[in-house]
J.: 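Just dropping this structure here.
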Amino acid sequence: MKEIQAIIRPVVLEELKEELSALNIRGLTIGQVMGCGSQKGWTEFYRGSEVYMNVLPKVRVSIVVPDARVDETINAIIKVARTGEVGDGKIFITNVERVVRIRTGEEGDDAL
Amino acid sequence: MKEIQAIIRPVVLEELKEELSALNIRGLTIGQVMGCGSQKGWTEFYRGSEVYMNVLPKVRVSIVVPDARVDETINAIIKVARTGEVGDGKIFITNVERVVRIRTGEEGDDAL
Amino acid sequence: MKEIQAIIRPVVLEELKEELSALNIRGLTIGQVMGCGSQKGWTEFYRGSEVYMNVLPKVRVSIVVPDARVDETINAIIKVARTGEVGDGKIFITNVERVVRIRTGEEGDDAL
Amino acid sequence: MNSGDTAFIIISSAMVLFMTPGLALFYGGMVRRKNVLNTIMSSFFVAGLAAIMWVLIGYTMSFGTDIGGIIGNFQWFGLNGVTADPNPDYAATIPHTLFATYQMMFAIITPALITGALVERMKFSALFVFTALWSIVVYYPMAHMMWGVGGFMREMGAIDFAGGQVVHVSAGISALVAAILLGKRKGYGMTSYHPHNIPLVFIGTGILWFGWFGFNGGSALAANGLAVHAILTTNISAATAMLSWMLVEKIKRGKPTMLGAATGAVAGLATITQAAGFVPVWAAIIIGGIASPICFFAIGYVKNKFKFDDALDAFGCHGVGGIIGGISTGIFAQRSINSYARWDGLIFGDTRLFTAQVISTLITIVFAAVGTFVIYKFISLFMNIRVDDREELEGLDIAEHSESAYPSFLGMD
Amino acid sequence: MNSGDTAFIIISSAMVLFMTPGLALFYGGMVRRKNVLNTIMSSFFVAGLAAIMWVLIGYTMSFGTDIGGIIGNFQWFGLNGVTADPNPDYAATIPHTLFATYQMMFAIITPALITGALVERMKFSALFVFTALWSIVVYYPMAHMMWGVGGFMREMGAIDFAGGQVVHVSAGISALVAAILLGKRKGYGMTSYHPHNIPLVFIGTGILWFGWFGFNGGSALAANGLAVHAILTTNISAATAMLSWMLVEKIKRGKPTMLGAATGAVAGLATITQAAGFVPVWAAIIIGGIASPICFFAIGYVKNKFKFDDALDAFGCHGVGGIIGGISTGIFAQRSINSYARWDGLIFGDTRLFTAQVISTLITIVFAAVGTFVIYKFISLFMNIRVDDREELEGLDIAEHSESAYPSFLGMD
Amino acid sequence: MNSGDTAFIIISSAMVLFMTPGLALFYGGMVRRKNVLNTIMSSFFVAGLAAIMWVLIGYTMSFGTDIGGIIGNFQWFGLNGVTADPNPDYAATIPHTLFATYQMMFAIITPALITGALVERMKFSALFVFTALWSIVVYYPMAHMMWGVGGFMREMGAIDFAGGQVVHVSAGISALVAAILLGKRKGYGMTSYHPHNIPLVFIGTGILWFGWFGFNGGSALAANGLAVHAILTTNISAATAMLSWMLVEKIKRGKPTMLGAATGAVAGLATITQAAGFVPVWAAIIIGGIASPICFFAIGYVKNKFKFDDALDAFGCHGVGGIIGGISTGIFAQRSINSYARWDGLIFGDTRLFTAQVISTLITIVFAAVGTFVIYKFISLFMNIRVDDREELEGLDIAEHSESAYPSFLGMD
Ligand SMILES: Nc1ncnc2c1ncn2[C@@H]1O[C@H](COP(=O)(O)OP(=O)(O)O)[C@@H](O)[C@H]1O
Ligand SMILES: Nc1ncnc2c1ncn2[C@@H]1O[C@H](COP(=O)(O)OP(=O)(O)O)[C@@H](O)[C@H]1O
Ligand SMILES: Nc1ncnc2c1ncn2[C@@H]1O[C@H](COP(=O)(O)OP(=O)(O)O)[C@@H](O)[C@H]1O
């Protein structure tokens with residue numbers, strides 16, 4: 001199994017959930033993060049002082065899938081998250097050695 | 001070393017900390033996440049409109065342990081987190097190649 | 001590529017960003033977490049009752065870098081985050097199998 | 001001049017002023033996190049703009065010597081000639097300046113009410129211009145027609161104790177029209193827009209309820225039995241409407257909600273406004289009791305049916321509530337409570353007041369709707385009224401103000 | 001009728017009403033995030049229920065013609081016969097309707113106070129029924145016995161300026177009894193229940209302090225020297241109690257806390273309530289000064305010792321404070337300040353008032369305790385009073401209201 | 001004694017008291033999350049300390065029989081001899097106790113204002129001592145010199161309607177001096193200190209604006225035309241200053257901000273304070289209009305230039321605003337509005353008032369600066385005034401109070 005970690009813009013989250021559920025991928029875990037990268041931040045103003053926000057709000061979606069489903073998952077993410085502008089985010093894939101479903105104790109692909 | 005990532009219900013967190021500390025596992029990192037999976041969400045009502053909450057609050061506990069302690073850790077988690085009802089969560093195990101303790105520069109199991 | 005996950009004190013974050021950007025490492029993702037380890041927590045008081053806070057606010061910085069840059073990144077983190085007192089935090093290194101830049105579809109080191 | 005009355009109306013003015021920040025919080029808690037500051041600002045800036053306009057031209061256009069039953073003349077331009085001496089036409093026992101100040105607070109909160117329908121997508125610059133024009137084109141004439149000496153609704157015998165029609169119906173209808181013209185928020189119907197901070201909504205509710213004692217009580221313009229009657233009916237209506245909202249929710253959804261209780265209370269307050277100083281106590285129970293089911297229906301069904309995006313229910317709550325209040329006044333008003341009313345209400349066997357109320361309500365609806373439509377179309381000739389899609393996604397706090405509501409809330413800095 | 005007095009009591013009514021949302025925030029900030037809305041709602045809905053009940057039966061049962069020294073009759077059912085003419089029995093210079101309205105606000109906040117002991121585990125439906133019954137069984141008789149013409153505590157010479165006994169002792173004792181019957185929250189003693197939002201608690205504190213000027217000052221029922229005296233002693237007591245709480249914390253824990261300062265101020269306000277219009281200024285310093293150490297002891301030691309789960313210290317703060325205030329009034333009251341008191345206090349050499357105060361306090365304690373016990377047991381015949389374990393874990397916002405306090409606070413939508 | 005006036009000043013006292021929690025929220029929202037409670041506490045504890053001090057020695061030192069034009073004697077120690085009878089020297093129609101109570105509220109908020117410059121690094125114990133000494137060394141003499149019978153600024157004809165100089169200039173200058181002595185926060189100039197919760201700032205703004213009606217209106221000490229005039233100019237100045245701040249931001253940064261609008265409103269309120277009951281309505285428009293650009297310049301440029309760390313702009317907003325207000329009074333005051341002024345302002349052709357205003361402002365500046373400097377140096381002989389670096393990093397909530405503002409906000413417990 002692989003963990004697909006996608007760092008995306010918060011606004012595409014809703015659509016991503018729908019897209020994945022269309023693929024019958026129902027399990028995912030979402031975290032709020034701040035990111036920086038090539039995307040420039042913005043300038044906020046507080047009482048006449050400029051404050052440069054160099055980290056931007058992003059959402060980290062982590063989806064653990066069987067090896068066979070990695071590519072379609074990546075494609076699904078790209079499909080909804082790509083705007084073509086800097087800041088669309090990244091997808092990181094890592095190997096997951098074991099998965100356990102707490103409720104049943106099942107392991108492996110069955111546990112997903 | 002392995003990273004044990006457990007996605008659990010927020011309410012079991014307190015107990016889990018105690019259980020792990022009984023096992024003398026003291027290091028852990030906790031993050032607030034939202035999850036969806038087979039568990040159904042709930043419906044909230046705002047001014048007469050139904051809003052279906054399809055992501056539920058979960059807690060992500062990450063514990064890095066020496067290989068030898070993986071199983072007992074998993075069992076400890078299952079022990080406190082299992083209610084038998086959908087939504088108990090999952091445990092993901094990944095391999096950690098190096099660990100560094102910032103304070104001392106120690107590496108490996110000593111650093112945990 | 002490796003994911004370098006550093007659990008550090010919130011106050012060093014700003015400096016770390018500068019240090020990394022001096023190394024020309026621009027991409028990173030930050031999350032707010034709570035941690036416990038050897039560091040003792042503190043006691044808070046609410047209406048005369050002691051409440052022992054055994055988890056402390058930390059920041060989790062995740063930086064994915066090419067294999068060749070792992071060491072300098074680790075050193076940079078240690079440089080800014082080490083105070084020598086318990087609670088400085090840990091660095092975990094895991095292997096990342098693939099990286100995809102959503103905007104362009106690039107993969108591998110180019111995508112970082 | 002009476003010092004007790006003066007004390008009462010000074011404090012009432014402060015309380016009504018306080019309602020505008022209260023409304024800003026009420027609205028601000030209900031939007032998504034990325035639009036909080038824009039929403040608050042949309043109510044709050046009116047306390048600046050409408051106040052200045054009121055002093056310069058608003059007061060005189062509303063209460064100056066009548067021109068054609070529609071509008072006041074410019075005799076009190078810049079409050080010139082408005083002195084500490086009472087003006088017996090409006091309030092015989094308090095300084096004329098105080099009457100003007102008290103009324104200023106109504107001219108502030110009314111346009112702020114409208115913004116509830118427009119948040120999360122309207123450009124702030126367009127809202128600024130809209131507010132200025134709307135005050136002139138809709139509010140001052142409305143206030144004059146209903147309350148000004150010679151105003152034609154007043155002449156025909158329509159009554160509006162504290163602004164149910166001038167404030168709530170006119171704002172609610174304008175909100176509806178503007179929301180339709182502005183269009184729906186992106187993702188309307190697909191995404192759910194839930195509030196980001198209900199305790200904030202609740203703080204606003206508390207302030208609004210508190211301030212409403214000044215709003216309705218102060219409208220007696222003296223610290224007398226009528227003022228007391230007005231706060232009593234006001235409180236009763238709020239209480240009943242809160243309970244009836246909870247009841248509707250209990251029946252329809254199985255559980256009453258906090259946001260529902262707050263919404264019900266505000267609907268009850270808006271509904272009784274026109275009637276507060278005219279109807280008996282038992283009628284206030286009825287008025288509050290029906291306010292919530294009707295508003296609930298408007299918000300939960302009508303809105304979804306017709307798919308207009310009245311984001312925070314400025315129409316569903318204030319417009320609908322105001323209309324109910326106007327009609328109810330025609331039904332339950334009693335001359336023995338307040339002889340400013342020329343006739344008793346329908347239930348006491350006289351149809352004249354009822355007729356006057358229905359007609360004036362209709363006129364208000366048409367007037368506010370047409371006025372808003374014209375202003376909106378006029379502004380759209382010169383500027384974009386709506387932010388672009390990208391800005392809407394990003395959120396109006398950053399897009400329109402370059403700031404965010406909780407910049408370091410997570411404590412990561 | 002006096003317009004200054006009328007103005008004063010109208011505004012005071014608004015201020016006391018405002019205290020209920022203030023209390024809701026004070027309590028709401030102190031619970032865990034999953035129970036915020038239920039906690040706020042538990043105070044807030046009372047502003048609906050108790051208001052209606054007051055108008056229908058509460059006022060007449062409290063202040064109507066005496067029956068046996070215990071309760072009023074139904075002469076003013078539905079406020080019938082309560083008019084704008086003053087009722088010299090209670091307040092000779094303001095409309096009778098205003099007296100009834102002002103008293104309504106006390107009937108609202110008192111049951112709301114109790115909820116502080118019950119939050120995080122009580123079913124909302126049970127609380128609804130409890131509040132209705134408690135008002136009838138405990139509050140109306142208490143108000144009548146202490147304040148109503150012919151009420152037997154009043155007849156025996158007990159005095160309660162602004163409700164220290166009627167409001168705080170009765171609510172505090174009832175809270176204690178109900179909390180014991182309801183049982184502890186899950187994990188009590190193991191888990192720590194820390195507040196989720198102290199600034200919210202602080203907003204509540206600010207509103208409570210502000211409103212207390214209307215609560216204690218307004219209880220003079222006229223804008224006169226006595227009202228001024230009452231607000232002065234009120235403010236002094238709050239100030240001293242805040243400082244003495246901080247001092248206790250500094251001594252016992254090394255550091256004063258913000259929540260402690262707020263708690264101390266509220267304890268000082270609750271404590272002075274009964275005494276405000278009777279005791280000299282220097283006595284207010286003493287009363288405030290002892291309020292906090294005693295309440296601190298009650299909250300930090302007694303509660304832990306006896307292991308009852310008075311979640312937000314409704315007993316420890318209001319009950320204990322109220323009792324201190326009742327006794328203190330017996331010690332420090334001075335007829336020269338307010339001749340409504342029949343005798344001077346103990347310190348001036350007369351034991352009669354002191355005796356009356358002690359007895360009436362004891363009666364109040366027994367009356368409230370028994371009343372609450374009976375009501376509780378009665379309700380438990382028909383319905384579950386406590387949510388089930390699972391709902392308690394999940395949080396009462398979702399379980400009881402299907403909503404959450406900060407649904408999109410994280411800005412992920 | 002007049003009941004209308006008494007009602008008015010009682011409520012005004014409550015409103016001014018309410019401003020201190022309002023200020024605490026205004027400040028508390030602007031700091032980083034780790035310093036919220038310390039910041040709130042720094043304003044709030046003053047409501048305890050300064051109140052007690054006022055009752056004991058403050059009132060008599062401020063308004064007791066004059067000693068050398070500088071300070072009052074101890075005739076009214078512990079408010080002895082201050083009764084319900086009016087004191088015609090200060091307020092002929094309200095109880096003397098009320099005048100003392102009303103003035104107490106000013107003695108509370110003034111030291112609280114200073115803390116805005118000191119937050120995020122000052123030890124709480126040092127602040128406690130500082131506040132006590134500052135009240136004695138700076139505030140009581142200032143109040144006496146300007147308002148006390150025989151006070152020398154009053155004698156020379158300087159006028160200060162509601163405390164522009166006594167409150168705002170003295171607090172603002174003291175804030176500046178103390179901030180310089182205290183030094184910059186760690187990382188000043190490198191890190192950006194953005195607010196953690198702007199809606200909290202806004203709640204504070206709303207309360208402040210509301211309370212300011214009591215602050216400036218109440219300073220007429222009677223519910224009369226002058227009080228009305230004061231609230232009218234106050235509201236106008238706040239409104240114009242809000243708009244002019246937004247305009248400056250629009251020009252300099254492209255977009256108006258919510259925090260800016262709030263800051264502008266508060267600057268407008270601070271600026272008009274001294275002038276409110278003396279200047280015509282049109283002058284209030286000018287005064288508010290210039291307040292914001294000047295304060296914006298002071299905050300956005302002067303502060304950055306000279307690199308002092310006035311964290312929340314206590315000087316930039318209140319000090320600068322107060323000075324503008326003092327000078328403006330000298331320009332625009334009109335005897336026909338309030339004959340307490342001995343002469344007309346500069347614009348009406350008389351230079352005497354203008355001169356008196358300039359001189360008294362300069363004296364205030366020097367007096368507050370020297371007083372603060374001396375107190376600060378004196379305290380530093382005995383105790384650390386600043387927390388150590390580690391505590392500053394950790395945050396003052398934990399370091400100084402062992403509590404945190406949102407302990408379970410994330411809902412993970
Ligand atoms: N090397 C990296 N390690 C961890 N997170 C990264 C890395 N590079 C980018 N990210 C995350 O991806 C987000 C988007 O990346 P960015 O470089 O701004 O845009 P793009 O991917 O379109 O070039 C960043 O905000 C950050 O959260
Ligand atoms: N494939 C997955 N990838 C990532 N997170 C998952 C995955 N499946 C489940 N989760 C996480 O685990 C939580 C519980 O899973 P769920 O399927 O609802 O219950 P159960 O594990 O009892 O079947 C989810 O809310 C989600 O956070
Ligand atoms: N085994 C572990 N697994 C996951 N996180 C850990 C582990 N050990 C430590 N941490 C994280 O690192 C932080 C610092 O660790 P701690 O042991 O307190 O100090 P130090 O690293 O200086 O010995 C903890 O708060 C926790 O978030």
Side-chain angles (χ1 to χ4, degrees), chain D residues 2-5 7-8 11-12 15 32-34 93 191-199 202-203 205-207 209-214 217 222-229 231-232 235-236 238-243 246 253-262 264-265 281-282 285 395 406, chain E residues 1-11 13-15 17-18 20-22 24-25 28-29 36-38 40-41 44-45 47-52 55 78-79 83-85 94-95 97-98 100-101 104-105 124 197 200 203 207 223 397 400-411 413:
Chain D
N2 178 305
S3 69
D5 295 346
F8 180 51
I11 306 294
S12 292
M15 290 167 74
R32 282 166 297 173
R33 183 177 156 143
K34 60 187 174 184
T93 60
T191 335
S192 45
Y193 310 104
H194 32 258
H196 87 292
N197 192 337
I198 297 187
F202 179 72
I203 295 171
T205 307
I207 293 174
W209 193 330
F210 169 67
W212 231 293
F213 280 77
N224 55 19
L226 182 59
V228 175
H229 186 87
I231 64 163
L232 181 54
N235 208 59
I236 290 172
T240 341
M242 188 212 283
L243 293 180
M246 284 163 62
R253 310 290 184 202
K255 297 172 185 174
T257 67
M258 167 71 243
L259 185 63
V281 165
W282 58 263
I285 298 181
Y406 309 96
Chain E
M1 222 195 64
N2 177 305
S3 69
D5 296 346
T6 303
F8 179 50
I9 304 304
I10 292 178
I11 306 294
S13 302
M15 289 166 77
L17 184 275
F18 197 26
T20 295
L25 295 167
V36 187
L37 295 182
N38 176 262
I40 290 179
M41 182 85 158
F44 184 55
F45 90 95
L49 181 60
I52 297 307
V55 166
L79 295 191
T83 68
D85 293 328
I94 62 172
T97 37
L98 181 52
T101 304
M104 185 202 300
M105 306 314 172
F124 183 70
N197 192 336
L200 206 63
I203 295 171
I207 293 174
D397 288 2
E400 289 288 283
H401 309 289
S402 285
E403 60 185 339
S404 45
Y406 309 95
S408 76
F409 192 86
L410 293 180
D413 50 359

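Below, read A as the first sequence line, B as the second, and so on, with proteins coming before strands; counting in each chain starts at 1. Fair warning: this is a prediction, and the values are worked out from it, not measured in the lab. The figures here come from the full heavy-atom set of this structure, side chains too, leaving out hydrogens, waters and symmetry mates.
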J.: With the side chain counted from C-beta on, respond yes when F44(E) and M242(D) share a heavy-atom pair under 4.5 Å apart, and no when they do not.
T.: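 Result yes, sub-4.5 Å side-chain heavy-atom pair found.
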J.: Tell me, side chain or backbone of T83(E) under 4.5 Å from chain D's heavy atoms, or both, or neither?
T.: neither
J.: Let me know if L37(E) has heavy atoms under 4.5 Å from chain D in its side chain, its backbone, both or neither.
T.: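 Contact with chain D involves both backbone and side-chain atoms of L37(E).
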J.: Please look at L226(D) and chain E and tell me whether the side chain, the backbone, both or neither of the residue comes under 4.5 angstrom of a heavy atom of that chain.
T.: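 Contact with chain E is absent: no heavy atom of L226(D) under 4.5 Å.
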J.: Taking N38(E) for its side chain and D397(E) for its backbone only, find out whether a donor-acceptor pair lies under 3.5 Å.
T.: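 Side chain of N38(E) to backbone of D397(E): no pair is present.
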J.: Side chain, backbone, both or neither: which part of F8(D) has a heavy atom under 4.5 Å from chain E?
T.: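 Backbone plus side chain of F8(D), per the 4.5 Å heavy-atom cut-off to chain E.
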J.: Is there a side-chain contact between L232(D) and L79(E), using heavy atoms and a 4.5 Å cut-off?
T.: yes
J.: Counting only heavy atoms closer than 4.5 Å, note whether T93(D) contacts chain E via side chain, backbone, both or neither.
T.: neither
J.: For chain E, which of G225(D), G395(D), P199(D), A7(D) has the most heavy-atom pairs under 4.5 Å?
T.: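 The candidate making the most pairs under 4.5 Å is P199(D).
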J.: Please classify the contact of I236(D) with chain E as side chain, backbone, both or neither, using a heavy-atom distance under 4.5 Å.
T.: both
J.: Given a strict heavy-atom distance threshold of 4.5 Å, which part of E403(E) is in contact with chain D: side chain, backbone, both, or neither?
T.: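 It is the side chain, since no backbone atom gets that close.
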J.: Flag the pair S13(E) / L98(E) as yes when at least one side-chain heavy-atom distance between them is below 4.5 Å, and no otherwise.
T.: yes
J.: A265(D) versus chain E, heavy atoms under 4.5 Å apart: side chain, backbone, both or neither?
T.: side chain
J.: Can you tell which of S3(D), S12(D), A223(D) has the highest number of heavy-atom pairs within less than 4.5 Å of chain E?
T.: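 Between S3(D), S12(D), A223(D), the count favours A223(D).
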J.: For N2(D), is it the side chain, the backbone, both, or neither that has a heavy atom closer than 4.5 Å to a heavy atom of chain E?
T.: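 Interface part for N2(D): side chain.
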J.: Measure M15(E) against the heavy atoms of chain D and call it side chain, backbone, both or neither at under 4.5 Å.
T.: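 Both the backbone and the side chain of M15(E) come within 4.5 Å of chain D.
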J.: Which atoms of I9(E) come close to chain D, meaning under 4.5 Å heavy atom to heavy atom: side chain ones, backbone ones, both, or neither?
T.: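 For I9(E), neither part sits under 4.5 Å from chain D.
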J.: Mind checking whether H229(D) and T97(E) have side chains closer than 4.5 Å, heavy atoms only?
T.: no
J.: Using 0.5 Å steps for rounding, measure from the CH2 atom of W209(D) to the CG atom of L17(E).
T.: 6.0 Å
J.: Highest number of heavy-atom pairs under 4.5 Å with chain D: which of I203(E), L200(E), V36(E), L49(E)?
T.: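 The option with the most such pairs is L49(E).
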J.: Counting heavy-atom pairs closer than 4.5 Å to chain D, which one of G22(E), G4(E), P21(E) comes out on top?
T.: P21(E)
J.: Say you draw a straight line from CD1 of I40(E) to OG1 of T20(E); how long is it, rounded to the nearest 0.5 Å?
T.: 13.0 Å
J.: In the structure I gave you, are the side-chain heavy atoms of T101(E) and N235(D) within less than 4.5 Å of one another anywhere?
T.: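 Heavy-atom side-chain distance check fails, nothing below 4.5 Å.
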J.: Between P95(E) and chain D, with a heavy-atom cut-off of 4.5 Å, which part of the residue counts as in contact: side chain, backbone, both or neither?
T.: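 Contact with chain D involves the side chain of P95(E) alone.
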J.: Does a side-chain heavy-atom distance below 4.5 Å link P256(D) with F124(E)?
T.: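 Contact flag for P256(D)/F124(E) side chains = yes.
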J.: So, N224(D) side chain and A227(D) main chain: donor-acceptor pair closer than 3.5 Å or not?
T.: yes
J.: For A261(D), is it the side chain, the backbone, both, or neither that has a heavy atom closer than 4.5 Å to a heavy atom of chain E?
T.: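 For A261(D), the contact with chain E is made by backbone and side chain together.
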J.: Kindly assign one of parallel, tilted or perpendicular to the pair Y406(D) and H196(D), based on the angle between their ring planes and the thresholds 30° and 60°.
T.: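 Rings of Y406(D) and H196(D): tilted, 30 to 60°.
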